[in-house]
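Residue numbering restarts at 1 for every chain, and letters A, B, ... go by the order of the sequence lines. Hydrogens, waters and symmetry mates play no part in the numbers below; they use all other heavy atoms, side chains included. Note that the structure is a prediction, hence the values are computed from the model and not measured.
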Protein chains: 2
Amino acid sequence: MAQARDSERVPQAWDEQLRARGYRATPQRQLVLEAVARLGHATPEDVGAEVRQAARGVNISTIYRTLELLEQLGMVTHAHLGHGAPTYHLAADADHVHLVCRSCGKITEVSPEAVRPLVTALDAGQDFETDVGHLTVFGRCGQCRP
Amino acid sequence: MAQARDSERVPQAWDEQLRARGYRATPQRQLVLEAVARLGHATPEDVGAEVRQAARGVNISTIYRTLELLEQLGMVTHAHLGHGAPTYHLAADADHVHLVCRSCGKITEVSPEAVRPLVTALDAGQDFETDVGHLTVFGRCGQCRP
DNA sequence: CTAAGTGCAAATCGTTTGCACGATT
DNA sequence: AATCGTGCAAACGATTTGCACTTAG
C-alpha cells in the first residue's frame, strides 16, 4: 500500500516553507501537520485530540490558527463532508472528490477524472473554473440504493 | 421575467399539505414559507428578519423548527453555499446546481443538465446516485479568472 | 532582544432544547 | 377541550478573539 503511505507524508521541508514566508517553525505546527497527514479526513477537534497524544496542553485555538495558516500556505485543505465541522487533509491528498452517502454516511474518494466531464462543461459553458479539491457530492451509495 | 416570478410562488394549498399530514396551518408557517419564496437563497437568520417585517415577535427558534418541518414535508430544501449558515429555497426551485465563486462570492445557478455527465459517470462508475439538488461547486467565475 | 506564537478565558455565532403559555382543530 | 405550536431563556457545539506570557529567530 505504497500509495496510502505516500499520501500520509508531511510535506518535505515544511519548516523551510514556513520560514521562507516569514513564519516560525514551532513544535505545535509540526504536530498539527503530522496529525493531519496521519488522520486523513480530520476535524479540528480530531486533530487536537491526536496532537495531544504526542504533546500535552496544545490548545484548540492553536489548532484552529495553525490549520488556517497551513491552509493559507497551501499545505492543507479542507472539505465539508457533512453538517458539522469541516475536515482537513494534506493539500497533496486533496486531488480527489468526495462522495458522501446520505444513508450510511460512507465517504468514498474518487479520482478527479470522474468529474472531468463536469469540469470541462462548466469551463466551456459557464466560464467557471472548478475547485475540484473542494467538491463534495452527496447522494446514495450502491449498498443503500433501493 | 415570468420564470423568476413563478419560482417565487408559494406552493398551492400549502395549508392543506400541512393539515393532510396532521400538522397545523399557522400564520408563522405561512410567513416563513412566503419569506423563503420571496428571498431565494436565504439563511434562517435572513428568513427571520424578513418574517419580522410582516409580523413582530416571531422567534428564531420557530424559524428553525418551521424550516425543518417544511423541508421534511418536501416544500423547501437547503444547500450549503459557504462556511456559515445554510440557505433555503422552495423545493420547486431546488432543481439546479450552485456555482459559488471563491473570489467575488457570486452565486450562479445552472441547470442540472450541466452536471448530467457527472451524474451519469458516478452512477455507472461508482454505483452512486447523486443528489443534484444539494450539489454546490466552488471555484472561480469568469470575471475573477486570471 | 523582539516580534511572532501560544495558552487561557471569555465572547460570538449558529442551532437546539425544556418548559409554560397560547392558538388551531 | 385537547393537542400542537410558539416564545423565551438557557444550553450547546464550533469557532474566534483579547490579552498576558513564552519562545523562535
Side-chain angles (χ1 to χ4, degrees), chain A residues 13-36 39 41-52 54-73 75-76 78-88, chain B residues 13-36 39 41-52 54-73 75-76 78-88:
Chain A
W14 64 274
D15 54 335
E16 294 308 329
Q17 290 191 49
L18 285 170
R19 282 190 274 260
R21 303 230 219 163
Y23 299 101
R24 295 181 180 174
T26 67
Q28 289 89 336
R29 287 174 179 171
Q30 179 177 12
L31 288 166
V32 167
L33 196 48
E34 287 172 352
V36 169
L39 293 174
H41 301 123
T43 64
E45 199 65 47
D46 295 337
V47 174
E50 180 76 6
V51 164
R52 273 176 232 111
R56 64 148 242 325
V58 179
N59 195 273
I60 188 68
S61 44
T62 299
I63 305 290
Y64 277 99
R65 286 189 277 231
T66 302
L67 287 171
E68 187 183 4
L69 174 66
L70 295 178
E71 180 153 41
Q72 185 187 300
L73 295 182
M75 299 167 85
V76 308
H78 76 269
H80 297 273
L81 302 185
H83 283 204
T87 62
Y88 288 79
Chain B
W14 64 274
D15 54 334
E16 293 309 329
Q17 290 192 49
L18 285 170
R19 280 190 275 260
R21 303 231 220 163
Y23 298 102
R24 293 181 180 173
T26 68
Q28 290 90 335
R29 287 173 178 172
Q30 180 176 12
L31 289 166
V32 167
L33 196 48
E34 287 172 353
V36 169
L39 294 174
H41 302 122
T43 64
E45 201 64 48
D46 295 336
V47 173
E50 178 77 5
V51 164
R52 274 176 230 111
R56 63 148 245 319
V58 179
N59 195 273
I60 188 68
S61 44
T62 299
I63 305 290
Y64 277 98
R65 287 190 275 231
T66 303
L67 287 172
E68 187 182 3
L69 175 65
L70 296 178
E71 180 154 39
Q72 188 185 299
L73 295 182
M75 299 167 86
V76 308
H78 77 269
H80 296 273
L81 302 184
H83 283 204
T87 62
Y88 287 80

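Neither OP1 nor OP2 of dT16(D) sits under 4.0 Å from any side-chain N or O of Arg65(A). For dT23(D), the OP1/OP2 oxygens have no side-chain nitrogen or oxygen of Gln28(A) closer than 4.0 Å.
Contact between Leu39(A) and Asp46(A) at its shortest, heavy atoms only, is CD1-O, 3.8 Å. Contact between Glu50(A) and Ala35(A) at its shortest, heavy atoms only, is CG-CB, 3.6 Å.
Between His80(A) and His83(B), the ring-plane angle classifies as perpendicular under the 30° and 60° cut-offs.
Atom P of nucleotide dC13(C) and atom CG of Asp46(B) are separated by 15 Å, given to the nearest angstrom. Atom-to-atom, NE2 of His78(B) to P of dG14(C) comes out at 16 Å; the value is rounded to the nearest Å. Nucleotide dT6(C) holds its C1' atom 15 Å from the CG atom of Leu67(A), rounded to whole Å. We find that CZ of Arg21(A) is positioned 18 Å from C1' of dG5(C), with the value rounded to whole Å. Spacing between atom CZ of Arg52(A) and atom C1' of dC8(C) amounts to 13 Å, rounded to whole angstrom units. When rounded to the nearest whole Å, the span between CG of Leu69(A) and P of dT15(D) equals 17 Å.
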All N/O contacts under 3.5 Å from nucleotides 23-25 of chain C to the protein, with atom names and distances to one decimal?
unit_1	atom_1	unit_2	atom_2	d
dT24(C)	O2	Arg24(B)	NH1	3.0
dT24(C)	O2	Arg24(B)	NH2	3.2
dT25(C)	OP1	Arg19(B)	NH1	2.6
dT25(C)	OP1	Ala25(B)	N	3.2

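Annotation: side-chain hydrogen bond (donor to acceptor under 3.5 Å, both in side chains) contacts of Glu16(B) (sequence neighbours excluded): none. The side chain to side chain contact (heavy atoms under 4.5 Å, CB included) check on Thr26(A) picks up Arg24(A), Gln28(A), Arg29(A), with sequence neighbours excluded. Residues meeting the side chain to side chain contact (heavy atoms under 4.5 Å, CB included) test with Arg56(A), sequence neighbours left out: none.
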Show which side-chain atoms of residues 61-68 of chain A pair as donor or acceptor with protein atoms under 3.5 Å away, not counting sequence neighbours.
unit_1	atom_1	unit_2	atom_2	d
Ser61(A)	OG	Asn59(A)	OD1	2.7
Thr66(A)	OG1	Thr62(A)	O	2.7

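To the nearest 0.5 angstrom, Gln17(B) atom CD is 9.5 Å from Leu70(B) atom CG.
Counting heavy atoms of neighbouring residues, nucleotides and ligands inside a 6.0 Å radius, atom CD of Glu45(B) does not exceed 12 of them.
Of the two residues near DNA chain D, Thr66(B) and Gly84(A), the one whose nearest nucleotide lies more 5' is Thr66(B).
A heavy atom lying under 4.0 Å from DNA chain D marks the following residues of residues 56-64 of chain B, by number: Gly57(B), Val58(B), Asn59(B), Ser61(B), Thr62(B).
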